[in-house]
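Below is one structure, written out as structure tokens; comments come after it.
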Amino acid sequence: MGEAGSTARPIIDIRHIHRIFESEAGLAHILHDISFTVQQGEFVAIIGPSGSGKSTLMNILGCLDTPTSGTYLLEGLDVAKLTDDELAEVRATRIGFVFQSFNLLPRMSVLDNVMLPLAYIDVPRREREMRAVHALRAVSLPLDHYDHRTNELSGGQMQRVAIARALVNDPAIILADEPTGNLDSTTGHQVLDTFHHLKDQGKTIVLITHDSSVAAEADRIVTIRDGRIFEGSTK
Ligand SMILES: Nc1ncnc2c1ncn2[C@@H]1O[C@H](COP(=O)(O)OP(=O)(O)O)[C@@H](O)[C@H]1O
Ligand SMILES: [Mg+2]
């Protein structure tokens with residue numbers, strides 16, 4: 001890549017983002033003048049202590065929330081100019097979300113959980129199953145677990161199923177908010193190995209964490225404190 005890589009249009013480009021929440025209690029200015037870029041194929045960690053604004057930022061990056069001011073260009077598109085339908089489409093097809101608490105449906109099988117994001121796509125069940133199997137292979141979940149209910153799995157397996165669900169629409173970007181926060185360190189490292197594997201396959205990964213040993217797995221670390229970018233070093 002070299003020069004071509006460094007001059008390519010970033011996949012994420014946020015400029016001077018502020019987020020101010022209004023409530024009866026008054027205004028809460030949570031994000032202050034946040035600017036950074038993420039290149040296609042990068043694995044970036046955003047680290048900061050609890051309450052520093054990481055999830056607020058992730059909600060904006062994931063088009064679940066809009067900034068009070070500032071610009072967000074996602075794959076070159078100005079997110080503020082998209083209609084609600086277009087935003088829903090971006091969330092469903094360009095971004096895969098992974099959360100600390102997995103958010104799986106416990107009584108459903110692994111395969112059905114991973115197929116859920118495809119429920120609204122007009123393709124035959126067999127095709128949807130094939131896509132789900134492909135995603136589960138990418139996270140190395142053993143084949144004999146595909147028909148297990150998700151509440152029969154270990155925490156690390158649950159998170160890998162959740163990552164497979166995030167992958168099933170083949171999104172360009174994976175946004176993960178404290179994905180190892182409910183896992184012990186050994187299991188957490190298996191999940192981090194999964195992110196490395198996805199990066200090798202060309203996915204762009206933004207991983208949010210308060211844990212410096214988790215952040216150290218990324219190519220680059222952006223530090224946020226009190227809603228401000230404190231440091232964004234490049235390894
Ligand atoms: N909808 C909201 N209204 C008001 N304050 C909020 C809202 N969402 C988050 N906050 C506040 O923003 C701050 C940062 O929260 P958050 O982004 O969840 O931090 P982190 O994920 O780093 O722990 C916290 O003080 C939180 O109370
Ligand atoms: Mg958070």
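Owing to the predicted nature of the structure, the values given are computational and were not obtained by experimental measurement. In listed order, ligands and their atoms are each counted from 1.
Of the protein's heavy atoms, F21 CE1, 3.9 Å lies nearest to atom 10 (N) of ligand 1. The single protein non-hydrogen atom nearest to atom 20 (P) of ligand 1 is G51 N, 3.5 Å, given as residue, atom name and distance. Nearest protein neighbour of atom 11 (C) of ligand 1, counting heavy atoms only, is I30 CD1, 3.8 Å. What sits closest to atom 18 (O) of ligand 1 on the protein, heavy atoms only, is S55 CB, 3.7 Å.
Ligand 1 lies out of reach of S23, whose nearest heavy atom is not under 4.0 Å from it. Heavy-atom separations between G48 and ligand 1 are all 4.0 Å or longer.
Proximity to T56 (heavy-atom distance under 4.0 Å) selects the following atoms of ligand 1: 9 (C), 15 (O), 16 (P), 17 (O). Taking every heavy atom of P49 and a limit of under 4.0 angstrom, the matching atoms of ligand 1 come to 22 (O). Residue contact check: S50 has heavy atoms under 4.0 Å from atoms 23 (O) of ligand 1.
Residue G53 has at least one N or O atom closer than 3.5 Å to an N or O atom of ligand 1.
A salt bridge is absent between K54 and D177; no separation between the charged side-chain nitrogens and carboxylate oxygens falls under 4.0 Å. Salt bridge annotation for R125-D112: present, with a cationic side-chain nitrogen under 4.0 angstrom from a carboxylate oxygen.
For atom 27 (O) of ligand 1, no protein heavy-atom neighbour is present inside the 4.0 Å cut-off.
Listing protein N, O or S atoms at distances below 2.8 Å from the Mg ion (ligand 2), with waters left out, gives S55 OG.
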Checklist line | Derivation of the salt bridge (Lys or Arg N to Asp or Glu O under 4.0 Å) call for D219 and K199 | finding: CA-CA 10 Å; D219 303 326; K199 181 207 148 72; 2.8 Å; yes
Item checked: Residue pair D184, T187: steps toward the side chain to side chain donor-acceptor pair (under 3.5 Å) verdict -> CA-CA 5 Å; D184 63 65; T187 316; 2.9 Å; yes
Next item on the list: Dump the intermediate steps for side chain to side chain donor-acceptor pair (under 3.5 Å) on S213 and D211, then the final yes or no.
Entry: CA-CA 6 Å; S213 73; D211 181 335; 2.8 Å; yes
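In this structure the side chain of P67 never reaches within 4.5 angstrom of the side chain of L31, judged on heavy atoms.
Both V191 and I205 belong to a common hydrophobic cluster when Ile, Leu, Val, Met, Phe, Trp and Tyr are linked at side-chain heavy-atom distances under 4.5 angstrom.
Closest heavy-atom contact between V38 and R220: CA-NH2, 4.0 Å.
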